[in-house]
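Presented below is the structure to which this report refers.
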There are 2 protein chains.
Amino acid sequence: MKRYSPQRETILKIILDDGTHLSVDDIYNQARSKMPKISLGTVYRNLKTLEEHAEITQVQGPQQVAYFEPNRGPHHHFICRGCNSIRDIKDPEIKVCTGCISKKTPLKIEEVITTLYGTCEACS
Amino acid sequence: MKRYSPQRETILKIILDDGTHLSVDDIYNQARSKMPKISLGTVYRNLKTLEEHAEITQVQGPQQVAYFEPNRGPHHHFICRGCNSIRDIKDPEIKVCTGCISKKTPLKIEEVITTLYGTCEACS
DNA sequence: GCAATAAATAGTATTGATTCCTATTTAGAT
DNA sequence: ATCTAAATAGGAATCAATACTATTTATTGC
Ligand SMILES: [Mn+2]
Ligand SMILES: [Mn+2]
Ligand SMILES: [Zn+2]
Ligand SMILES: [Zn+2]
């Protein structure tokens, strides 16, 4: 982190306190209630910086919209096609054998993202 | 398919003939070389229709860009972070135990999408 | 403390993929 | 041949994200 700023602290705190998956707009609105003059560009810039420093993680939600959550180790996501809600899946059944794949291709695999789509209880 | 149109046939043929993963712009440009007056809106509309009728599949590429390919059964994708190229991964090692998960959650899982990110040979 | 300076910000404009709108054309049915 | 719902071309609008820029602010060295 190159420099400290109250805006960055505010944004990080919002994400840590919430603990779930927040859209940029969620974060922007919450931040504005604390710092009315904060700009949307600042939110985007800091989200990027915080992600680069591994303090938060970006999750690609439905319709290409980004969501952010605190870094809490590798896990997967379930996205409800009814209400677009996102929730964590920690089930270790979802495990990809990266090593096995690596032996068979000349590709360097750096990350594997598995996302489950379906219908949540509320939308059933 | 509600109705036939030469535009739709042209678009489908481009995707079937190519066989790889084409961006909307790729498809639009190829289509224009055959039908100079075709509009971008028509390309988007038909891609959506063709996908709804399961003749093609949409792949979500990097940076919110959609790619399309012929329907050729379930498989996964590798996306190179260097050149943004997409390629198929058919390795059966990538297999998620949907049944196992289903037993543990009240969520209805309808689709599991696994995407691998990394660096291709050319970009290494 | 006090400049110097590099980083960060607010506000605004711009981009770029996708969708929407509407008058016109067209494929398929009777 | 006529009718009508579906599809089209062309353009405007949307919307998340980024870029730009003048101004503010945190940090470093005196
Ligand atoms: Mn999560
Ligand atoms: Mn594919
Ligand atoms: Zn739901
Ligand atoms: Zn590459």
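Note on naming: letters A, B, ... go to the chains in the order of the sequence lines (proteins, then strands), and numbering restarts at 1 for each one.
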[atom1] of [X] versus [atom2] of [N]: gap in Å, rounded?
{"X": "Asn29(A)", "N": "dA16(D)", "atom1": "CG", "atom2": "P", "answer": "12 Å"}
{"X": "Arg45(A)", "N": "dC20(D)", "atom1": "CZ", "atom2": "P", "answer": "14 Å"}
{"X": "Arg8(A)", "N": "dT27(D)", "atom1": "CZ", "atom2": "P", "answer": "11 Å"}
{"X": "Asn46(A)", "N": "dA17(D)", "atom1": "CG", "atom2": "C1'", "answer": "15 Å"}
{"X": "Phe68(A)", "N": "dA17(D)", "atom1": "CZ", "atom2": "C1'", "answer": "11 Å"}
{"X": "Asn84(A)", "N": "dA16(D)", "atom1": "CG", "atom2": "P", "answer": "13 Å"}
{"X": "Ile27(A)", "N": "dA16(D)", "atom1": "CD1", "atom2": "P", "answer": "14 Å"}
{"X": "Leu47(A)", "N": "dT9(C)", "atom1": "CG", "atom2": "C1'", "answer": "15 Å"}

Problem set entry | Short side-chain to backbone donor-acceptor contact, Thr42(A) and Ile38(A), under 3.5 Å |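 Between the backbone of Ile38(A) and the side chain of Thr42(A) there is no qualifying donor-acceptor contact (under 3.5 Å).
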Indicate if [X] and [Y] have the same hydrophobic cluster label, given that clusters are the connected sets of ILVMFWY residues with side-chain heavy-atom separations under 4.5 angstrom.
{"X": "Ile113(A)", "Y": "Val59(A)", "result": "no"}
{"X": "Tyr44(A)", "Y": "Val65(A)", "result": "no"}
{"X": "Ile86(B)", "Y": "Leu107(A)", "result": "no"}

Protein-nucleotides 26-30 of chain C N/O pairs under 3.5 Å:
{"residue": "dA27(C)", "atom": "N3", "partner": "Arg3(B)", "partner atom": "NH1", "Å": "3.0"}
{"residue": "dG28(C)", "atom": "OP1", "partner": "Tyr4(B)", "partner atom": "N", "Å": "3.4"}

Under 3.5 Å side-chain donor-acceptor pair for [X] and [Y]:
{"X": "Asp88(B)", "Y": "His77(B)", "answer": "yes"}
{"X": "Thr119(B)", "Y": "Ser124(B)", "answer": "no"}
{"X": "Asp25(B)", "Y": "Ser23(B)", "answer": "no"}
{"X": "Gln58(B)", "Y": "Tyr67(B)", "answer": "no"}
{"X": "Ser5(B)", "Y": "Arg8(B)", "answer": "no"}

Problem set entry | Ionic contact status for Glu69(A) with Arg87(A), cut-off 4.0 Å | no
For this session: Please report how far the helix from dG1(C)-dC30(D) to dT30(C)-dA1(D) bends, comparing the axis fitted to its first five pairs with the axis fitted to its last five, to the nearest 10 degrees.
Result: 30°
Any [X] side-chain nitrogen or oxygen under 4.0 Å from OP1 or OP2 of [N]:
{"X": "Thr42(A)", "N": "dA10(C)", "result": "yes"}
{"X": "Gln7(A)", "N": "dA10(C)", "result": "yes"}
{"X": "Lys37(B)", "N": "dG10(D)", "result": "yes"}

For this session: To the nearest 0.5 angstrom, please state how far the CD1 atom of Ile79(A) sits from the CD atom of Glu111(B).
Result: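 Rounded to the nearest 0.5 Å, the CD1-CD separation comes out at 11.0 Å.
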For nucleotides 17-22 of chain C, print each protein N/O atom paired with a nucleotide N/O atom at under 3.5 Å, atom names and distance only.
{"residue": "dA17(C)", "atom": "O3'", "partner": "Gln64(B)", "partner atom": "O", "Å": "3.4"}
{"residue": "dT18(C)", "atom": "OP1", "partner": "Ala66(B)", "partner atom": "N", "Å": "3.3"}
{"residue": "dT18(C)", "atom": "OP2", "partner": "Tyr44(B)", "partner atom": "OH", "Å": "2.6"}
{"residue": "dT18(C)", "atom": "O5'", "partner": "Tyr44(B)", "partner atom": "OH", "Å": "3.3"}

